[in-house]
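To start, the structure itself, in structure tokens.
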Amino acid sequence: MAALWWRRRRLPGAAGLCRTARALSGKPEYDLLVIGGGSGGLACAKEAAQFGRKVAVLDYVEPSPQGTKWGLGGTCVNVGCIPKKLMHQAALLGSALKDAQCYGWNIAHPVHHNWSEMAQAVQNYVKSLNWGHRVQLQDKKVKYFNVKGSFSDPHTIRGLTKGGKETILTAEKIVIATGGRPKYPTHVAGALEYGITSDDLFWLKESPGKTLVVGASYISLECAGFLTGIGLDTMVMMRSIPLRGFDQQMASLVTEYMESYGTKFLKKCIPTKVEKLESNRLHVTWKNTDSGTEEADSFDTVMWAVGRAPDTKALNLEAVGVKTNSETGKIIVDASEATSVPHIYAVGDITEGRPELTPTAIAAGKLLAQRLFGQSSELMDYDNVPTTVFTPLEYGCVGLSEEKAVQCYGSDNIEVYHAFYKPLEFTVAERDATQCYMKMVCLREREQRILGLHFIGPNAGEVIQGFALGIKTIKQVWEKEDAPQRSNL
């Protein structure tokens, strides 16, 4: 028997009029309003609710140019860390199947990967996380609105549903946590019409087939790595250097391993045009900036991984005086995550000068709520935050790159300890270990303080977390020892 659903009848616009009346009464409706239901925003909202405050979260996903959309949870859950790591695991399993024969397992060949089955499993898990976030908000009595929010005044947010229905919300304090979205190279003909981004890749129902990934960011190399690992013909087009901002020696080792793994690289190349053929394949033309020659090839999928932009356009920040960096578009915040408007805060990828990492956004969101509604004064420590690039051979690091250390302290004041190594699990299978490498960047003076640690090899994410804890602890000890000297200056 079909379920019967009852709906209260309301006069057109009644909800909006009611909320507007409350807004005009003087007292804001909520103690805290969070715009953005990603890692940082949800963490902040749930933590604030623990203090008995009235909290609301606004979250709305604008579909990608290709029409992809998803549920509550933000980039990490839906189109970032979670599906990326799961697909990376699928590729690692493929490599393990090759190794298994050397360890006595009889594996029937050829081995085939089924994209649709993998994608369905990953997408089902992501949807379970979407539902879990909604349940958690309900359990903690945080009101959730699936609306696109923008500022009407410093304490008032105008929310619009997909159907255009308006909701007016007021709050004493507001946190912006809308994150970022992938950029498209709109100057390239056909880029927007025919290309996809990481917003789309993880939600494809069918295999992307032969894929061109444009860009040399960690997103580009991670996606190209797992596509290669599951058996797809994959090519990376790099304009300049790989993994900009990371240690370049380590970045070179990462790409060298990927080439031996089967990923093809087009170096010093920039795309100029994407055309759709009658066969539905995409014909890409590019220019080699070294030789000046023009080349072309056809692909089933073209994925852009050329950077991300903060999702601020719809917020109407100018109307309330929230300052942003004119070059990056990111919101300028101080050490306490406060913007230029005293009661408006921002956390996560949308903030200027912060690492674009889920764990830091979560920690920053929780600490912000504790400062706003608890008795805490603890600030987020953004120094020595570990990060991992989940390429076929993983790269984990914490602290400064060698280039940055030299820039800060001078080459004569830097000592680098390094070693190649061969993981035991590589030996029996005779896997290539020439890129398994670690190095520690130190100051030469006194106790040779560790400035940065870099590791390439299996399970780099887990490895680097342990070292990061040690480095952070040692740094705290050194700072205490230095404090009396600084006070005497």
Side-chain angles (χ1 to χ4, degrees), residues 8-38 40-60 72 133-134 136-161 163-178 312 314-323 331 333-334 336-348 350-351 364-377:
R8 288 178 61 189
R9 291 186 61 198
R10 293 185 179 182
L11 294 173
L17 289 171
C18 180
R19 294 188 189 280
T20 304
R22 280 200 293 271
L24 295 174
S25 67
K27 181 174 172 55
E29 188 177 1
Y30 292 95
D31 297 307
L32 178 69
L33 182 62
V34 178
I35 309 173
L42 291 176
C44 185
K46 289 185 284 188
E47 189 71 15
Q50 299 284 79
F51 293 98
R53 301 298 178 139
K54 191 174 182 183
V55 183
V57 169
L58 275 64
D59 187 67
Y60 183 87
L72 183 65
H133 281 305
R134 295 188 68 163
Q136 288 175 26
L137 291 181
Q138 188 173 12
D139 289 346
K140 296 182 184 300
K141 296 181 172 56
V142 176
K143 184 70 175 175
Y144 165 59
F145 293 91
N146 183 209
V147 299
K148 182 191 293 187
S150 63
F151 282 93
S152 294
D153 66 47
H155 287 279
T156 307
I157 299 296
R158 175 177 178 260
L160 283 178
T161 66
K165 183 179 178 182
E166 183 183 80
T167 300
I168 303 297
L169 303 165
T170 60
E172 184 67 34
K173 294 178 173 61
I174 297 172
V175 173
I176 306 168
T178 50
T312 58
L315 292 173
N316 197 25
L317 297 178
E318 304 81 8
V320 292
V322 173
K323 292 181 180 178
I331 296 173
V333 293
D334 64 14
S336 66
E337 324 301 345
T339 71
S340 52
V341 180
H343 65 279
I344 299 176
Y345 302 82
V347 295
I350 201 170
T351 52
K366 286 182 178 180
L367 289 172
L368 174 58
Q370 291 164 11
R371 291 194 301 274
L372 293 178
F373 303 112
Q375 303 300 315
S376 176
S377 60

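The basis for the numbers below is simple: all heavy atoms, side chains too, and nothing from hydrogens, waters or symmetry mates.
- Partners of Lys366 according to the side chain to side chain donor-acceptor pair (under 3.5 Å) rule, which considers only residues two or more places apart in sequence or in another chain, do not exist here.
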Apply side-chain contact (heavy atoms from CB on, under 4.5 Å) to the pair Thr167 and Leu58, showing each step before the final yes or no. CA-CA 11 Å; Thr167 300; Leu58 275 64; over 6 Å; no
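- Taking His155 as the reference, His343 meet the ring pair (Phe, Tyr, Trp, His ring centres under 6.0 Å) condition, with sequence neighbours excluded.
- For Arg53, there are no salt bridge (charged side-chain N to carboxylate O under 4.0 Å, His left out) partners two or more places apart in sequence or in a different chain.
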Is there a side-chain contact (heavy atoms from CB on, under 4.5 Å) between Tyr345 and Val175? Walk through the geometry before answering. CA-CA 5 Å; Tyr345 302 82; Val175 173; 4.1 Å; yes
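- Under the rule for a side chain to side chain donor-acceptor pair (under 3.5 Å), the partners of Ser336 that lie at least two apart in sequence or sit in another chain are Asp334.
- When the salt bridge (charged side-chain N to carboxylate O under 4.0 Å, His left out) test is applied to Lys54, no partner is found at least two apart in sequence or on another chain.
- The two residues Ile344 and Thr339 come nearest to each other via the heavy atoms O-OG1, 2.8 Å.
- Taken to the nearest 0.5 Å, the CZ atom of Phe145 stands 12.0 Å off from the OG1 atom of Thr161.
- Residues Thr170 and Glu29 approach most closely at OG1-N, 2.8 Å, considering heavy atoms.
- Among all heavy-atom pairs drawn from Ala369 and Ala48, the shortest one is CB-N, 3.6 Å.
- Listed by chain and number, the residues in a side chain to side chain contact (heavy atoms under 4.5 Å, CB included) with Asp139 are Val135 (sequence neighbours excluded).
- Between atom CD of residue Gln138 and atom NZ of residue Lys143 there is a gap of 9.5 Å, rounded to the nearest 0.5 Å.
- Among all heavy-atom pairs drawn from Gly37 and Leu42, the shortest one is O-CD1, 3.3 Å.
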Leu372/Phe51 under side-chain contact (heavy atoms from CB on, under 4.5 Å): CA gap, chis, key distance, verdict: CA-CA 10 Å; Leu372 293 178; Phe51 293 98; over 6 Å; no
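- Take Ser376 and apply the side chain to side chain contact (heavy atoms under 4.5 Å, CB included) test, not counting sequence neighbours, and it matches Gln370, Arg371, Glu378.
- Take Glu47 and apply the salt bridge (charged side-chain N to carboxylate O under 4.0 Å, His left out) test, not counting sequence neighbours, and it matches no residue.
- Side-chain contact between Phe151 and Ile157 is present, with at least one heavy-atom pair separated by less than 4.5 Å.
- Listed by chain and residue number, Asn316 satisfy the side chain to side chain contact (heavy atoms under 4.5 Å, CB included) test with Ala319 (two or more places apart in sequence, or in another chain).
- For the pair Ser340 (side chain) and Gly321 (backbone), a donor-acceptor distance under 3.5 Å is present.
- Leu315 places none of its side-chain heavy atoms less than 4.5 Å from the side chain of Val322.
- Residue Ile331 is tested with Thr178, Ile176, Val347 for a side chain to side chain contact (heavy atoms under 4.5 Å, CB included); the sole match is Ile176.
- Applying the side chain to side chain donor-acceptor pair (under 3.5 Å) criterion to Asn146, with sequence neighbours excluded, gives no partner residue.
- Residues meeting the side chain to side chain contact (heavy atoms under 4.5 Å, CB included) test with Ala45, sequence neighbours left out: Val34, Val55, Val57, Val142.
- Side-chain contact check for Leu32 versus Cys44: some heavy-atom pair is nearer than 4.5 Å.
- Not a single side chain to side chain donor-acceptor pair (under 3.5 Å) links Lys173 to another residue, sequence neighbours left out.
- Atom CD of Gln50 is surrounded by more than 12 heavy atoms from other residues, nucleotides or ligands within 6.0 Å.
- Between Glu172 and Asp31 the shortest heavy-atom distance is CB-O, 3.6 Å.
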